[in-house]
Amino acid sequence: MRKGILERLNAGEVVIGDGGYVMQLERRGYVKAPHFTPEAAVEHPEAVRQLHREFQRAGADVLQTLTFYSSDEKLQISGNVTDITGTQINEAACDLAREIANESDALVAAGVSQTPVYPVNRNQAEVKAIIQKQLDVFKRKDIDFYMVEFFKHVEEAVWAVEVMKAGGKPVGATLCISPQGDKDGTPPGECAVKLVRAGADMVGINCHLDPLTCVRTVKLMKEGLEKAGLKAHLIVQPLGFHTPECNHSGYTTLAEYPFAMEARAMTRWDMQKYAREAYNAGIRYIGGCCGFEPYHIRAIAEEMSPERGVLPAASDKHGLWGAGLATYGTSFMTERACREYWENLLPASGRPNCPSMSRPALI
């Protein structure tokens, strides 16, 4: 039998999460921006299945279901589909993730995200009803554990945790907030305390900001828990982009969002640095969100291979720190077959007249 998520984390194992789904599928032509609703699980299951498999091959120990924004209320707002329900999407997404997870010892995490009704009326009953509808599917599908992710307001995340905790499985809760706190100004440490007291077994950050900023925010959450005498495992699943000028408001405020973010993509070497920073901060659940591709997850798995004692299957096609270049026929290339070269490289953008920073929108 597979070890559960808490068994792995309690044993001190490094658990590697997967990467971003909706943005990757949008780029591949299966998801429509800006609402990013996940009807692809029903319309194009082969695309979702393939992305799951790529993340797993890259080293992911957890495959998250494609259930981000998967509620009837969000589907209605998006207008992307009129003949597919949230329940249909949730069921299909659970089946796809389980199918691929069963090819290894990976776990399946079913996720819920912020609701469209909270910003309108902050009605606890309505928010919980939407979350409960998704949980009902997850329980029928016997998902391994639950994720409450991509919440800007800790209050709404607490309500979601309370619902998901009733499902009888471990619950992780990750906010898309900055070191300055959530949208209401609640500091990260206080957010973490609220989530743990609501029942979360794992807490942390996902999406909206770059990796090192997210690690910094998780450190603040850890400090808050320690001061309160509480314990929880720590999670970080950040953006795969450099976002220094918007690391309070989030990447959606950038001029390049959502269709020109490629110029900000992080390299695999950036990801190895991020993984090490996260590990040194005491975080043991390390993954990614929007902008993370399978090779980014492979980079995390390779950086963590001394601690994990294993390399992912995808490393068969990749020499560590460019080692495969040693067999190249020219000296300028063989000189790049080492960690020192790639670790100290300052990549050029290749874009003449491109500004070094963008001016985020005010929201």
Side-chain angles (χ1 to χ4, degrees), residues 14-28 31 47-48 50-64 66 68 100 104 106 109 111 147 149-150 174 176 204-215 218 235-244 251 256-258 261-281 283-308 310-324 339 342-343 345 347 349:
V14 177
V15 173
I16 297 178
D18 54 9
Y21 282 88
V22 290
M23 184 166 280
Q24 294 308 320
L25 289 168
E26 189 280 330
R27 290 175 173 179
R28 299 177 185 194
V31 166
V48 179
Q50 178 62 25
L51 191 51
H52 278 313
R53 183 170 282 119
E54 289 177 17
F55 280 127
Q56 179 174 270
R57 189 170 183 275
D61 299 306
V62 177
L63 299 181
Q64 287 195 220
L66 186 64
F68 174 79
I100 304 305
S104 69
M147 289 291 287
E149 63 167 3
F150 198 78
T174 55
C176 52
I205 297 296
N206 81 297
C207 207
H208 257 222
L209 303 172
D210 64 45
L212 296 186
T213 301
C214 288
V215 169
V218 176
I235 308 175
V236 63
Q237 299 205 105
L239 290 179
F241 303 115
H242 293 281
T243 61
Y251 79 132
E256 297 92 337
Y257 177 84
M261 293 296 295
E262 289 84 352
R264 293 173 173 270
M266 301 188 75
T267 69
R268 64 196 69 191
W269 318 120
D270 292 327
M271 293 305 178
Q272 295 208 202
K273 179 180 179 181
Y274 146 64
R276 186 53 57 187
E277 290 280 343
Y279 182 85
N280 290 342
I283 303 168
R284 294 297 179 266
Y285 189 138
I286 305 170
C289 199
C290 293
F292 266 72
E293 299 193 32
Y295 75 92
H296 290 138
I297 299 302
R298 180 179 63 186
I300 295 173
E302 290 178 346
E303 179 63 26
M304 291 290 102
S305 62
E307 288 76 16
R308 288 162 53 86
V310 65
L311 285 168
S315 290
D316 289 347
K317 299 295 184 180
H318 183 244
L320 298 182
W321 291 103
R339 178 170 188 155
W342 296 109
E343 207 164 38
L345 178 70
S349 71

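For this chain, numbers begin at 1 and follow the sequence in order.
- With a 4.5 Å cut-off on side-chain heavy atoms, Ile235 and Val218 do not count as touching.
- Ring planes of Trp269 and Trp342: parallel class, angle under 30° (limits at 30 and 60°).
- Aromatic ring pairs are classed by plane angle as parallel below 30°, tilted from 30° to 60° and perpendicular above 60°; the pair Phe241 and Tyr251 is parallel.
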Passes salt bridge (charged side-chain N to carboxylate O under 4.0 Å, His left out), Glu293 versus Arg27? Steps please. CA-CA 11 Å; Glu293 299 193 32; Arg27 290 175 173 179; 3.6 Å; yes
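- Counting heavy atoms from C-beta on, the side chains of Val62 and Ile16 never come closer than 4.5 Å.
- Side-chain contact check for Asp270 and His242: at least one donor-acceptor pair (N or O, by modelled atom type) lies under 3.5 Å.
- With hydrogens and angles ignored, the 3.5 Å screen pairs no side-chain donor or acceptor of Ser305 with any backbone N or O of Val310.
- Both tests pass for Arg276 against the ring of Tyr279: distance under 6.0 Å to the centre and angle within 45° of the axis.
- With contacts defined as side-chain heavy-atom distances shorter than 4.5 Å, the pair Trp321/Gln272 qualifies.
- Between the side chain of His296 and the backbone N or O of Met266 there is at least one donor-acceptor pair closer than 3.5 Å.
- The shortest heavy-atom contact between Arg298 and Ala314 is NH1-O, 3.3 Å.
- Scanning all heavy atoms of the two residues, the minimum distance from Met271 to Ala299 falls at CB-CB, 3.9 Å.
- Minimum heavy-atom separation, Ala301 to Ala58: CB-O, 3.7 Å.
- In terms of heavy atoms, Leu209 sits closest to Cys214 at O-SG, 3.4 Å.
- A donor-acceptor contact closer than 3.5 angstrom links the side chains of Gln64 and Gln237.
- Between Pro347 and Thr267 the shortest side-chain heavy-atom distance falls below 4.5 Å.
- Using a cut-off of 4.0 Å between Lys/Arg side-chain N and Asp/Glu carboxylate O, Asp61 and Arg308 are scored as salt-bridged.
- Of all non-hydrogen atoms in Val236 and Tyr274, the two that sit nearest each other are O-OH, 3.3 Å.
- In this structure the side chain of Arg264 reaches within 4.5 angstrom of the side chain of Pro244, judged on heavy atoms.
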(Q) Please evaluate residues Phe150 and His208 with respect to the criterion ring-ring contact (aromatic ring centres under 6.0 Å, His included), reporting the C-alpha separation (whole Å), side-chain torsions for both, the decisive distance (0.1 Å), and the verdict. (A) CA-CA 8 Å; Phe150 198 78; His208 257 222; 5.3 Å; yes
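- In this structure the side chain of Ile286 never reaches within 4.5 angstrom of the side chain of Val15, judged on heavy atoms.
- In this structure, a donor-acceptor pair under 3.5 Å is present between the side chains of Tyr21 and His52.
- Glu343 has no carboxylate O lying under 4.0 Å from a charged side-chain N of Lys273, or vice versa, which leaves the two without a salt bridge.
- Residues Glu302 and Arg268 form no side-chain contact, since every pair of their non-hydrogen atoms from C-beta on lies 4.5 Å or further apart.
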